[in-house]
Participant: 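One structure is given below, represented as structure tokens, and several questions about it will come after.
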Amino acid sequence: MPELPEIEVLRRSLAPRLTGRRIERVEVFAPALREPLDRRALSRRLAGRAVTALRRRSKYLLIDVEGGSTLVVHLGMSGRLTLVPAATPREPHEHLAFQLDRGERLRLRDPRRFGVAFAAATAGLETDPHFAHLGPEPLDPPLDGAALAAIATGLSAPVKAFLMDASRLVGVGNIYATEALFRAGIHPARSVARISSGRWARLAAAVVEVLEQAIRAGGTTLNDFTDGAGNEGYFQVDLAVYGRAGEPCPRCAAPVRRLVQSNRSSFYCPRCQR
DNA sequence: CGGGCGGCCTGGAGGC
DNA sequence: TGCCTCCAGGCCGCCC
């Protein structure tokens, strides 16, 4: 669920409250999320250091600290990173926490443990295995049709799978790929080898537009997502087709259909999307 | 190398 | 009411 807009909303909500705060102590409560939690590296790189900047790459939140280290957090499916008073009791599935100066705590809750958290050197982070294979950011600079078509050159995958492939383009998951394809009027199963330049332009614009609108709406909260202060997003009310099988298409009123592609649900309007 | 698919994990929803 | 099954999906690894 957390895709680019959710992580960007999280980054913006935490940046003013976290920048300049000192991490006094690191607490690791679980042996592993999707990967083992390295207690020693987290403490050695982060304890005693003040936060200097919050950045985002793909769906990863990067928290830079003094001394040239970065805390990398991925929320997986169900992760939630929130800033609370230090005295707040531990919540269920709170696997990692950072005691900060001024009596606050940054805590990571992740019931499904699909997330990732680790500390590494800031310099050269782009060559870390988590980042080395990633494709370009869709908003920075805003994606255009020619760039998107160039990325797809020589491929034949369904366009939905292509949009969600982080080695091609980062930040777009199931919800926003589904919504961008609806806005562009393209069927999710269409091969990228059979998309005209005009449709690539529409699709690129739709991806940029839906991501930017979702950021402005505070992200999409279906089950778990909140920003760093615990606020839910409200873009879910603007979803045109995602999760709406059987409901009328907002453009033409034809019933929205559900399609399973590589074990993932897609939703589309059979009349508007070809 | 491209592309399809299973597995990881838990909570919530739905069926009987 | 309670139990069971299924499903949510980002990402990786395996396979052809």
Side-chain angles (χ1 to χ4, degrees), chain A residues 1-10 29-37 56-62 72-81 90-96 108-118 128-135 137-138 149-181 188-195 207 211 214 219-226 232-233 235-236 239 241-246 256-268:
Chain A
M1 211 160 317
E3 306 180 26
L4 184 153
E6 287 72 38
I7 306 308
E8 184 59 25
V9 166
L10 177 65
F29 303 115
L33 301 180
R34 198 178 75 223
E35 301 171 2
L37 288 168
R56 180 191 56 74
R57 171 70 172 121
S58 185
K59 298 168 187 170
Y60 293 89
L61 181 68
L62 311 179
V72 179
V73 176
H74 191 295
L75 297 184
M77 268 299 299
S78 58
R80 187 182 290 193
L81 189 66
R90 260 179 75 194
E91 62 182 344
H93 307 291
E94 181 174 335
H95 302 310
L96 178 62
L108 177 64
R109 167 197 134 101
D110 185 2
R112 281 171 242 186
R113 284 186 276 132
F114 275 24
V116 169
F118 64 96
D128 179 278
H130 294 86
F131 300 100
H133 67 286
L134 293 178
E137 292 284 333
I151 296 169
T153 301
L155 304 181
S156 60
V159 62
K160 169 95 179 315
F162 165 76
L163 286 177
M164 292 174 62
D165 182 345
S167 71
R168 311 292 176 192
L169 179 73
V170 303
V172 181
N174 203 34
I175 293 173
Y176 298 113
T178 295
E179 291 295 305
L181 287 166
R190 175 173 284 269
S191 165
V192 295
R194 295 182 52 250
I195 293 181
V207 168
L211 294 177
T220 298
T221 300
L222 292 182
N223 290 307
D224 298 295
F225 174 72
T226 69
E232 298 189 347
F235 193 72
Q236 59 277 7
L239 297 175
V241 289
Y242 181 86
R244 300 195 186 279
V256 170
R257 286 194 194 159
R258 175 173 180 267
L259 164 74
V260 176
Q261 295 175 282
S262 51
N263 271 342
R264 295 290 175 269
S265 287
S266 287
F267 301 88
Y268 68 102

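Here is how names work: the chains are called A, B, and so on, in the same order as the sequence lines, proteins then strands, and each is numbered from 1. Reckoned from all heavy atoms, side chains included, excluding hydrogens, waters and symmetry mates.
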Participant: Determine whether a donor-acceptor pair (N or O, by modelled atom type, separation under 3.5 Å) exists between the side chain of A/T178 and the backbone of A/S266.
Facilitator: no

Participant: Report the distance from atom CG of A/L163 to atom C1' of C/dG10, rounded to the nearest whole Å.
Facilitator: 15 Å

Participant: So, does A/R258 get its side chain near the phosphate of C/dA8, meaning an N or O under 4.0 Å from OP1 or OP2?
Facilitator: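 For C/dA8, OP1/OP2 do have a side-chain N/O of A/R258 under 4.0 Å.
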
Participant: For A/R109, which contact category applies under a 4.0 Å heavy-atom criterion: base, sugar-phosphate, or nothing?
Facilitator: nothing

Participant: In whole angstrom, give the distance that lies between atom CG of A/L33 and atom C1' of C/dG10.
Facilitator: 14 Å

Participant: Using atom names, set out every protein N or O paired with an N or O of nucleotides 10-13 of chain B below 3.5 Å, distance rounded to 0.1 Å.
Facilitator:
| residue | atom | partner | partner atom | Å |
| --- | --- | --- | --- | --- |
| B/dT10 | OP1 | A/R113 | NH2 | 2.4 |
| B/dG11 | OP1 | A/H93 | NE2 | 2.7 |

Participant: Counting N and O atoms only, with roles assigned by atom type, does the side chain of A/Q236 sit under 3.5 Å from a partner on the main chain of A/T221, one being a donor and the other an acceptor?
Facilitator: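 Flag set: sc A/Q236 to bb A/T221 pair under 3.5 Å.
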
Participant: Report all interatomic pairs (protein N or O, nucleotide N or O of nucleotides 3-6 of chain B) with separations under 3.5 Å.
Facilitator:
| residue | atom | partner | partner atom | Å |
| --- | --- | --- | --- | --- |
| B/dG3 | OP1 | A/S156 | N | 2.4 |
| B/dG3 | OP1 | A/S156 | OG | 2.7 |
| B/dG3 | OP1 | A/A157 | N | 2.9 |
| B/dG6 | OP2 | A/N263 | ND2 | 2.9 |

Participant: Just to be sure I understand the rule, does A/S265 reach a base, reach only the sugar-phosphate, or reach nothing, if contact means heavy atoms closer than 4.0 Å?
Facilitator: sugar-phosphate

Participant: Around atom CZ of A/R257, are there more than 12 heavy atoms from other residues, nucleotides or ligands closer than 6.0 Å?
Facilitator: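 Open: at most 12 neighbouring heavy atoms sit under 6.0 Å from CZ of A/R257.
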
Participant: Given atom CE of A/M164 and atom C1' of C/dC12, what is their separation to the nearest angstrom?
Facilitator: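 Result: 14 Å.
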
Participant: Can you check whether A/A161's main-chain N or O pairs, donor with acceptor, with A/Q261's side chain at less than 3.5 Å?
Facilitator: no

Participant: Rounded to the nearest Å, what distance is computed from the CD1 atom of residue A/I151 to the P atom of nucleotide B/dC1?
Facilitator: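 For the pair A/I151 CD1 and B/dC1 P, the rounded distance is 18 Å.
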
Participant: Any donor-acceptor pair under 3.5 Å linking the side chain of A/E137 with the backbone of A/S58?
Facilitator: yes

Participant: Donor-acceptor check, side chain of A/H95 to backbone of A/D110, threshold 3.5 angstrom: yes or no?
Facilitator: yes

Participant: Looking at A/F29, is A/R90 sitting on its ring face, NZ or CZ under 6.0 Å from the six-membered ring centre and within 45 degrees of the normal?
Facilitator: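 Judged by the rule (NZ or CZ under 6.0 Å from the ring centre, within 45° of its axis), A/R90 counts as positioned above A/F29.
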
Participant: Is the gap between the ring centers of A/H74 and A/Y60 under 6.0 Å?
Facilitator: yes

Participant: Over how many whole Å does the gap from A/I175 atom CD1 to C/dA8 atom C1' extend?
Facilitator: 10 Å

Participant: Please give, in whole Å, the distance from C/dC11 P to A/D165 CG?
Facilitator: 10 Å

Participant: Just by modelled atom types, is the A/K160 backbone N or O under 3.5 Å from a matching donor or acceptor in the A/R264 side chain?
Facilitator: no

Participant: Taking atom P of B/dC8 as reference, at what distance in whole Å does atom CG of A/D110 sit?
Facilitator: 17 Å

Participant: How many whole angstroms separate atom CD of A/E35 from atom P of C/dC12?
Facilitator: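 Between P of C/dC12 and CD of A/E35: 8 Å.
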
